[in-house]
S.K.: 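Sharing a structure below in structure tokens format, with a few things to ask.
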2 protein chains.
Amino acid sequence: MQTKAELTKLHILETVAPIFNQNGYAATSMSDITNATGLTKGAIYGNFKNKEALAISSFKFTVKKLMTRISNHLELSDSPIQKLFLITDFYRNYYDYSKQLGGCPVLNIGVDANNQNTLLLKNVKIIIEKIQDQVASIIEQGIEVGEISAEINAMQYAKRLDTMIQGAVFMTYTMDDEFYLKDTMNQIDQMIHNELKA
Amino acid sequence: MQTKAELTKLHILETVAPIFNQNGYAATSMSDITNATGLTKGAIYGNFKNKEALAISSFKFTVKKLMTRISNHLELSDSPIQKLFLITDFYRNYYDYSKQLGGCPVLNIGVDANNQNTLLLKNVKIIIEKIQDQVASIIEQGIEVGEISAEINAMQYAKRLDTMIQGAVFMTYTMDDEFYLKDTMNQIDQMIHNELKA
DNA sequence: TATAAAATATACCAATTGGTATATTTAAAT
DNA sequence: ATTTAAATATACCAATTGGTATATTTTATA
């Protein structure tokens with residue numbers, strides 16, 4: 001069973017992570033945090049060294065949730081090329097889902113932390129690399145299995161897909177219009193059909 | 001000739017715009033502003049109603065500079081399809097150029113203002129629409145002149161290009177790696193050749 | 001050059017910032 | 001049930017926040 005402190009830590013992260021994600025680091029104050037959690041500074045600073053450490057834990061907490069959800073979704077098929085279609089399938093509904101998280105953590109914290117918080121930015125970079133490695137790995141498996149053309153540079157293609165997805169997420173949020181996500185996913189599906197398929 | 005006040009206003013915007021762009025609204029304090037400009041609060045508040053008004057003026061100032069530069073670059077050719085290639089040409093060097101502006105204003109302020117500053121966000125939306133209208137207009141002219149296939153939906157395609165560009169800008173900044181911008185521009189050039197050309 | 005007006009500087013405000021030392025409460029182990 | 005340790009609350013800190021009223025300086029006009 002979890003100790004009381006562990007439950008408190010979880011409660012803090014569950015409450016605070018979306019706030020940091022939505023507002024950004026500087027725009028989130030410690031009183032925002034105590035108000036939202038219903039806890040006092042004693043409880044917060046007892047569980048986290050300082051504001052920055054809490055922000056980093058919050059980012060990791062949100063990303064873990066997100067990555068788990070994607071991973072589960074990708075298990076719906078064993079075929080590499082079908083897994084790629086499952087990725088676009090996932091992001092077609094990403095606007096509604098990520099709103100619960102306070103927005104896309106990679107986009108929000110990536111922009112927010114740039115030239116502001118080195119440690120936080122470092123964590124974003126690591127996550128982006130991890131995501132791209134996973135997509136590249138799927139493509140490589142597709143090549144091995146013969147589903148995907150051997151001409152394809154897996155890592156380059158993974159970066160391309162990631163770039164397009166992040167662009168679509170940014171546009172959908174900024175314009176408050178799901179067209180961008182939907183259309184970009186259609187575009188990627190076409191790319192998979194026309195460029196990737198063996 | 002410009003009055004002293006107009007010069008001061010210009011000096012404030014020139015100095016402050018990149019700071020707001022780089023740090024974001026909340027992370028930029030009035031003392032950051034007075035320190036950077038060498039002016040006092042009296043001068044700042046005498047020229048701008050409040051912090052928000054200054055942030056909005058700063059955004060507009062940066063965007064105007066950026067848009068003028070793009071427009072000038074596009075005048076290097078009269079051919080619509082060549083103008084599209086000039087757009088990718090421009091963004092190939094966008095990392096170095098936009099750093100002088102404190103980053104990409106559309107990306108930075110778009111993310112920063114989301115769910116934070118309604119007025120600022122509204123201004124970002126207007127600029128994005130303006131950019132897309134201009135690209136769509138170029139494509140339409142290409143169709144009229146017979147350079148671009150009449151099958152193309154100009155507005156949809158303009159949005160696609162914009163989405164890809166913004167994604168590449170985000171990735172290049174977050175990963176501090178120009179590969180994303182360069183590769184995306186190559187990809188767009190290929191699209192122009194393969195999908196757009198009549 | 002004197003005067004009016006515009007522009008800028010100074011001094012101040014209450015409220016809030018992130019953080020800490022200590023007091024109190026709560027939970028775990030004997 | 002008592003003790004001990006862990007967790008949380010309270011009260012406080014100096015520094016900074018955005019903003020304002022007023023004083024001073026600078027500019028333009030006559």
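Chain letters run A, B, ... following the sequence lines, proteins first, then strands; residues in each count from 1.
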S.K.: Does B:G46 or A:E52 map to a spot on DNA chain C nearer the 5' end, using the closest nucleotide for each?
M.R.: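 Per heavy-atom nearest nucleotide, the more 5' residue is B:G46.
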
S.K.: Please find the pair of heavy atoms, one from A:L121 and one from A:G110, that lie closest to each other, and give the distance.
M.R.: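 Minimum heavy-atom contact is CD1-O, 3.9 Å.
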
S.K.: Strictly below 4.0 Å: does A:N47 bring a side-chain N or O up to OP1 or OP2 of D:dT8?
M.R.: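 Checking D:dT8 against A:N47, a side-chain N or O does come within under 4.0 Å of OP1 or OP2.
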
S.K.: How close or far is atom P of D:dT20 from atom CZ of B:F48, stated in whole angstroms?
M.R.: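 In whole Å, D:dT20 P lies 16 Å from B:F48 CZ.
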
S.K.: Whole Å only: how far is the CG atom of B:N50 from the C1' atom of D:dG18?
M.R.: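 Rounding to the nearest Å, CG of B:N50 and C1' of D:dG18 are 9 Å apart.
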
S.K.: Hey, does A:T28 reach any base, or is it just sugar-phosphate, or nothing, if we go heavy atoms under 4.0 Å?
M.R.: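 The answer is sugar-phosphate, as A:T28 gets under 4.0 Å only of primed atoms, P, OP1 or OP2.
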
S.K.: Distance check: side-chain N/O of A:S29 vs OP1/OP2 of C:dT16, anything under 4.0 Å?
M.R.: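 No, A:S29 has no side-chain N/O under 4.0 Å of OP1/OP2 on C:dT16.
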
S.K.: Within this structure, what is the NE2-to-C1' distance between B:H11 and C:dA7, rounded to whole angstrom?
M.R.: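 My rounded result for the distance is 15 Å.
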
S.K.: In whole Å, I'd like the distance from the CG atom of B:L54 to the P atom of D:dG18.
M.R.: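 Computing the B:L54:CG to D:dG18:P distance gives 11 Å.
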
S.K.: Examine B:K99 relative to B:Y94 and say whether NZ or CZ is less than 6.0 Å from the centre of the six-membered ring and inside a 45° cone about the ring axis.
M.R.: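 Pair B:K99/B:Y94 does not count as cation-pi.
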
S.K.: Measure the distance from CG on B:L10 to C1' on C:dA7 and round it to the nearest whole Å.
M.R.: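 B:L10 atom CG is separated from C:dA7 atom C1' by 16 Å.
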
S.K.: May I ask you to establish whether A:R69 and A:F90 are in a cation-pi arrangement, using a distance under 6.0 Å from NZ or CZ to the six-membered ring centre and at most 45° from the ring axis?
M.R.: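 Not flagged: A:R69 not positioned over aromatic ring of A:F90.
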
S.K.: Quickly work out the A:I33 CD1 to D:dT8 P distance and round it to whole Å.
M.R.: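 Rounded to whole Å, this separation is 16 Å.
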
S.K.: Identify which nucleotide among D:dA11, D:dT8, C:dA9 has an atom closest to any side-chain atom of A:K41, counting heavy atoms from C-beta outward.
M.R.: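 Among D:dA11, D:dT8, C:dA9, the one nearest the side chain of A:K41 is D:dA11.
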
S.K.: Kindly say whether, by distance alone, the side chain of A:K51 makes a donor-acceptor pair under 3.5 Å with the base of C:dG19?
M.R.: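 No, the side chain and the base share no sub-3.5 Å donor-acceptor pair.
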
S.K.: So that I know where these two stand, are A:Y91 and A:H73 an aromatic pair - ring centroids less than 6.0 Å apart?
M.R.: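 Distance test on ring centres: not under 6.0 Å, no.
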
S.K.: Report the nucleotide, chosen from C:dT17, D:dT8, D:dG19, that has the shortest atom-to-atom distance to any side-chain atom of A:S31.
M.R.: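 Comparing C:dT17, D:dT8, D:dG19 against the side chain of A:S31, the answer is C:dT17.
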
S.K.: Please tell me which of the listed nucleotides, C:dA9, D:dT20, D:dA11, lies nearest to the side chain of B:T40?
M.R.: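 Of the options given, the side chain of B:T40 lies nearest C:dA9.
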
S.K.: Would you kindly give the CG-to-C1' distance between A:L7 and C:dA28, to the nearest whole Å?
M.R.: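 To the nearest whole Å, that distance equals 15 Å.
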
S.K.: So what does A:L39 hit on the nucleic acid, given a heavy-atom distance under 4.0 Å: a base, only sugar-phosphate, or nothing?
M.R.: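 Touches sugar-phosphate only.
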
S.K.: What's the OH-C1' distance between A:Y45 and D:dA11, to the nearest Å?
M.R.: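 It is 15 Å, rounded to the nearest whole Å.
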
S.K.: Compile the donor-acceptor pairs under 3.5 Å between side chains in residues 133-140 of chain A and protein atoms, sequence neighbours left out, one pair per line.
M.R.:
unit_1: A:S137; atom_1: OG; unit_2: A:Q141; atom_2: NE2; d: 3.2

S.K.: Students often get this wrong, so: under 4.0 angstrom with heavy atoms, is A:T37 touching a base, only sugar-phosphate, or nothing?
M.R.: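 Counting heavy atoms under 4.0 Å across all strands, no contact is made by A:T37.
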
